[in-house]
Number of protein chains: 2
Amino acid sequence: MASRKSRPERRQEPLSRERIVAAAVELLDTVGEGGLTFRALAERLATGPGAIYWHVTGKNELLAAAIDAVIAPTLAGDDTGTTPQEAIRSLALGVFDAIDAHPWVGTTLAQLPRTPGKSPMLRVFERIGRQVQALRVPEAAQFTAASALLSYILGVAGQNAANTRAAQANADRANTDRAAFLDAVATAWRELDPDQYRFTRDVAGQLREHDDRAEFVAGIDLILAGITAGRADGRTRP
Amino acid sequence: MASRKSRPERRQEPLSRERIVAAAVELLDTVGEGGLTFRALAERLATGPGAIYWHVTGKNELLAAAIDAVIAPTLAGDDTGTTPQEAIRSLALGVFDAIDAHPWVGTTLAQLPRTPGKSPMLRVFERIGRQVQALRVPEAAQFTAASALLSYILGVAGQNAANTRAAQANADRANTDRAAFLDAVATAWRELDPDQYRFTRDVAGQLREHDDRAEFVAGIDLILAGITAGRADGRTRP
DNA sequence: TGCCGACTGGAACGTTGTTCCAGCAGTCCC
DNA sequence: GGGACTGCTGGAACAACGTTCCAGTCGGCA
């Protein structure tokens, strides 16, 4: 059967960079950042660890490719016909949702040795920057504004990733869900020393009922407000 | 000599949690996050790996303690007699400087399994929150404002840590310093595809001459401006 | 003096990223 | 058609890691 020119596959389908990266993302999603092992990956691909190194130079490149595979689709959107503010919001939310769905991105991003200018986040920076320009921010302040937005996005993403993982670890241990985890943290906050942690105790209730996503957009709006308010010279001093 | 009650030390000075943590910080500072090894640590303390486990439950606790040892001193400052804005700025700068001096903090923070409410950053959150209250932000928006500030701080810290490490890696490889590294990145940015990276190319020059610290404070000021501008309801929509 | 618990440090275990290399399937050239 | 050559495979092996284990040593107390 089908011997005409070439059997389409050698065993199942040939190993390829894309197949490897896809399997890595799957593994990261199901088992977490600690579960991505060259051996586990090899087993899932029905091969040995050595074969993977023919397509990928090492674990760092693999992680970077996995992040790219997860972030890139969120940048496909179209910005035309919206205000810059809306474009930035939806861009930020795209990254937020991607990292929320794949928490390992948040944790992994920080410790990847970034080759100059090839970070997976450069494209996000570019997209943000264009909208900052569209906001008519003076040239000298554009870099600051775009950097602040990106830093905030990555900061929240990192925090969220850590929280998600903590919640999952807690869930595995205590058989509870995310809401129960938030509840546990809120309760722990309420029991802190009233002198040392007055504020934290005050907002413990807000933690219990807060919505990460809405909170995140609110932060974006804070920065956007700051950017547009200080448009004259790019920064504000009281 | 000095046999009266107790020879003050058994061999040199007895192993202790503080001595271990101090040695860990030293090791992290000199060799980087990858250099902290129980074996290297044991060698530096003139003992074996097993002895360390008597004082410390594992690597995670050791890292958390190291972070705490580096961050805690920055929280010693006194806020009385300054405006809330200034207090927040100096607090944020303290954390920024600490992480800048010890880049491993930025990278390590993200991947520490955080036991609910015992993160080393909780105290920072508390200090920020008090100043947010002093800013007379309405109660419902206090959590958002403090979270946004902390996320931004951690985001910049993480970015900065990654950059510092990239610069150091580059320096080790090419025998250059940080300025040369920024120059290299700026040059790389300038050579990007003009269609795809219009904005990044535009701001490449600003990258070369930018000051991380000033940039960071400018971002803080952006958020502060947003907070005080939207004080009525805590958020702004155009 | 003899014992006991606090503490030490070296050996050993299991797992990781990475390297090495003998072998396979095709393709090209003679 | 048959050998060399290339692109690719996958299992074995290596060094290094975090962690555990345990035979010891020490100081203070009975």
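For the numbers below, each heavy atom of this structure counts, side chains included, while hydrogens, waters and symmetry mates do not. Order of the sequence lines sets the chain letters (A, B, ...), proteins ahead of strands, with each chain counted from 1.
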Q: Please state how far atom CG in B/L15 lies from atom P in C/dG9, giving the value in whole angstrom units.
A: 7 Å

**Q.** Atom-to-atom span, NZ of B/K59 to P of D/dA16 - whole angstrom
**A.** 15 Å

(Q) On DNA chain C, compare the nucleotides closest to B/R39 and B/H55; which residue's is nearer the 5' end? (A) B/H55

Q. Roughly how many Å is it from CZ in B/R17 to P in C/dA6, rounded to a whole number?
A. 18 Å

(Q) How many whole angstroms separate atom CD of A/E43 from atom C1' of D/dG11? (A) 14 Å

**Q.** Candidates C/dG17, D/dT9, D/dT20 - which lies nearest the side chain of B/Y53
**A.** D/dT20

Q. How would you list, by chain and number, every residue that makes a side-chain contact (heavy atoms from CB on, under 4.5 Å) with B/D211, sequence neighbours excluded?
A. B/R213, B/A214

Q.
Go nucleotide by nucleotide along DNA chain D from the 5' end; which of A/W54 and A/P49 gets its closest nucleotide reached first?
A. A/W54

**Q.** Qualifying residue for side chain to side chain contact (heavy atoms under 4.5 Å, CB included) with A/F96, from A/D212, A/T74, A/I220
**A.** A/D212

Q.
Let me spell it out: for each of A/A51 and A/T37, pick the nucleotide of DNA chain C with the closest heavy atom. Which residue's pick is nearer the 5' end?
A. A/T37

Q) Would A/W189 and B/F125 satisfy ring pair (Phe, Tyr, Trp, His ring centres under 6.0 Å), going step by step from the backbone distance to the final call? A) CA-CA 12 Å; A/W189 278 15; B/F125 180 70; 5.6 Å; yes

Q) Whole-Å distance between D/dA16 C1' and B/L41 CG? A) 16 Å

Q) What is the minimum heavy-atom distance between A/I153 and A/A92, and which atoms define it? A) CD1-CB, 3.7 Å

Q.
Using whole Å, what does the distance between atom C1' of nucleotide D/dG10 and atom CZ of A/R19 come to?
A. 14 Å

Q: Would you kindly give the CZ-to-C1' distance between B/R44 and C/dG9, to the nearest whole Å?
A: 19 Å

**Q.** Residue B/F38, side-chain atoms from C-beta onward, closest of C/dT16, C/dT8, D/dG18
**A.** D/dG18

**Q.** Flag for B/Q111-A/T107: side-chain donor and acceptor within less than 3.5 Å
**A.** no

Q. Within the structure shown, what part of the strands sits under 4.0 Å from A/L36 by heavy-atom distance: base, sugar-phosphate, or nothing?
A. sugar-phosphate

Q | Between C/dT18 (P) and A/I52 (CD1): distance, integer Å | A | 11 Å

